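Following: one structure in structure tokens, then a few remarks.
Bear in mind the structure is a predicted one, so any value in this text is a computation, not a measurement.
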Amino acid sequence: MSNEDRNITWQASSLSRQDRENNNGHHSRTLWFTGLSGSGKSSIAFALERYLHEQGVRSYVLDGDNVRHGLNKDLGFTAADRQENLRRIGEVCKLMVDAGVLVLSAFISPHDSDRAMVRSMFEPEDFIEIYVRCSIEECERRDPKGLYKKARRGEIPHFTGISAPYDVPQSPSFIIDTEQCTIEEAVQDIIQHLQQIGALHLPLKSGSVLTS
């Protein structure tokens, strides 16, 4: 521990996480969406956020591209930078969970070791890893941002699925196969899963807001 570290003290709030959860009427958790570019992580996360908002659940999406516009704009895409990117996001997720928020984090997070690093920051029940499964062929067919075309031309080095590996999660909390279900179905499946594991207790209102 450096001399500077010795001068840093954690300042405890008079409000606990339990206080905030009680006020919100639901538990706080981190939902960690992992999968290839184009698999549907962000689309599902934002649709889920809207659904939860309409049900009165405090939630917020942390998206890979959005975070790199500000908090992590100083980071590149080397292995070390990717790891630091996820470490920072993990720390932000911890703060938001303490604030009583259901955090929806959508990051490729291709390496088992990096996902394990983030998971280790949380109590087991607070980290829900959702593997958004989609074949590389389908992701490349969709290519919503044109990134696969650039990667094939060699314009994007270390591109996951093309010139860099993706470690398929071996024991995720939940799997969504976006080649087999719609975004609306994925959201409903996740809601049902959260209810089943006791992470969401609010009586959900009837009807869907996904197509409104």
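Put simply, the side chain of F174 reaches to within 4.5 Å of the side chain of D189, judged on heavy atoms. The shortest distance between side-chain heavy atoms of I190 and L194 falls below 4.5 Å.
The hydrophobic cluster containing I197 does not contain V101, counting ILVMFWY residues as joined when their side-chain heavy atoms lie under 4.5 angstrom apart, directly or transitively. A chain of hydrophobic side-chain contacts below 4.5 Å, direct or via other Ile, Leu, Val, Met, Phe, Trp or Tyr residues, connects V103 to V118. In this structure, F127 is a member of the same hydrophobic cluster as V97, with clusters built from ILVMFWY side-chain heavy atoms closer than 4.5 Å. Note: the hydrophobic cluster containing V57 does not contain L62 (ILVMFWY, side chain heavy atoms under 4.5 Å, direct or indirect links). M117 and F77 are assigned to two separate hydrophobic clusters, defined by single-linkage of ILVMFWY side chains at heavy-atom distances under 4.5 Å.
The number of heavy atoms from other shown groups lying within 6.0 Å of NE2 (H158) does not exceed 12. Around OH of Y60, the count of heavy atoms belonging to other residues, nucleotides or ligands within 6.0 Å does not exceed 12.
Residues passing the side chain to side chain donor-acceptor pair (under 3.5 Å) test with Q18 are N22, sequence neighbours excluded. Under the side chain to side chain donor-acceptor pair (under 3.5 Å) criterion, E140 pairs with R152, not counting sequence neighbours. For D19, the salt bridge (Lys or Arg N to Asp or Glu O under 4.0 Å) criterion is met by no residue, not counting sequence neighbours.
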Begin from the C-alpha positions of D98 and R20 and carry the test side-chain contact (heavy atoms from CB on, under 4.5 Å) through to its verdict.
-> CA-CA 8 Å; D98 188 55; R20 298 184 180 99; 3.7 Å; yes
Apply the test side-chain contact (heavy atoms from CB on, under 4.5 Å) to residues V132 and I175: give CA-CA distance (whole Å), side-chain angles for both, the deciding distance (0.1 Å), then the verdict.
-> CA-CA 6 Å; V132 183; I175 298 175; over 6 Å; no
In sequence, state the C-alpha distance, the side-chain angles, and the governing distance for T178 and I176, and then conclude on side-chain contact (heavy atoms from CB on, under 4.5 Å).
-> CA-CA 6 Å; T178 59; I176 293 291; 4.0 Å; yes
List the steps and the verdict of salt bridge (Lys or Arg N to Asp or Glu O under 4.0 Å) for K149 and D143.
-> CA-CA 8 Å; K149 290 185 178 66; D143 202 10; 3.7 Å; yes
Quick one: do F46 and R50 satisfy side-chain contact (heavy atoms from CB on, under 4.5 Å)? Show the steps, please.
-> CA-CA 6 Å; F46 281 114; R50 182 176 180 194; over 6 Å; no
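A donor-acceptor pair under 3.5 Å is formed between the side chain of E185 and the backbone N or O of T182. Panel note: side chain R68, backbone G76; a donor-acceptor pair is recorded below 3.5 Å. Under a 3.5 Å cut-off, the side chain of R58 and the backbone N or O of H53 do not form any donor-acceptor pair. The backbone N or O of I136 lies less than 3.5 Å from no partner atom in the side chain of E138, so there is not a single donor-acceptor pair. Judged by distance alone, the side chain of S43 and the main-chain N or O of G40 form no donor-acceptor pair under 3.5 Å. Put simply, the side chain of N24 gets close to the backbone of G100: a donor and an acceptor are under 3.5 Å apart. Judged purely by atom type and a 3.5 angstrom limit, D177 has no side-chain atom pairing as donor or acceptor with the backbone of C181.
The minimum heavy-atom distance between V187 and I44, with the atom names listed, is CG2-O, 4.1 Å. Of all the heavy atoms in F122 and G90, the pair that sits closest is CZ-O, 3.7 Å. Between E49 and V61, the shortest heavy-atom distance links the atoms OE2-N, 3.3 Å. When all heavy atoms of L104 and A45 are compared, the pair lying nearest together is CD1-O, 3.4 Å. What you find for L86 and F107 is that their closest heavy atoms are CD2-CB, 4.0 Å. The two residues N72 and R88 have their closest heavy-atom pair at OD1-CD, 2.9 Å.
Note: K150 NZ to I162 CD1 = 14.5 Å, rounded to the nearest 0.5 Å. With rounding to the nearest 0.5 Å, the separation of CG in N85 from CG in D114 is 9.5 Å. The structure places OH of Y131 at 10.5 Å from CD of E129, a figure rounded to the nearest 0.5 Å. The structure places CG of L52 at 10.5 Å from CD of E54, a figure rounded to the nearest 0.5 Å. The CD atom of E91 lies 4.5 Å from the CE atom of M121; values are rounded to the nearest 0.5 Å. Atom CG of L75 and atom CG of D81 lie 5.0 Å apart (nearest 0.5 Å).
Between E84 and R87, at least one side-chain nitrogen of the basic residue sits less than 4.0 Å from a carboxylate oxygen of the acidic one, meeting the salt-bridge criterion.
Residue pairs meeting the ring pair (Phe, Tyr, Trp, His ring centres under 6.0 Å) criterion with at least one partner in residues 79-101, sequence neighbours excluded, do not occur; the list is empty. Residue pairs satisfying the salt bridge (charged side-chain N to carboxylate O under 4.0 Å, His left out) criterion with at least one member in residues 24-45, sequence neighbours excluded, are listed as follows: R29-D126.
Under the 3.5 Å distance criterion, with hydrogens and angles disregarded, a donor-acceptor pair is assigned to the side chains of E21 and S28.
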Enumerate donor-acceptor pairs with a distance under 3.5 Å from any side-chain N or O in residues 30-39 to protein atoms, sequence neighbours excluded.
{"unit_1": "W32", "atom_1": "NE1", "unit_2": "S109", "atom_2": "OG", "d": "3.0"}
{"unit_1": "T34", "atom_1": "OG1", "unit_2": "I108", "atom_2": "O", "d": "2.8"}
{"unit_1": "T34", "atom_1": "OG1", "unit_2": "S109", "atom_2": "O", "d": "3.4"}
{"unit_1": "T34", "atom_1": "OG1", "unit_2": "S109", "atom_2": "OG", "d": "3.3"}
{"unit_1": "T34", "atom_1": "OG1", "unit_2": "Y166", "atom_2": "OH", "d": "2.9"}
{"unit_1": "S39", "atom_1": "OG", "unit_2": "L36", "atom_2": "O", "d": "2.7"}

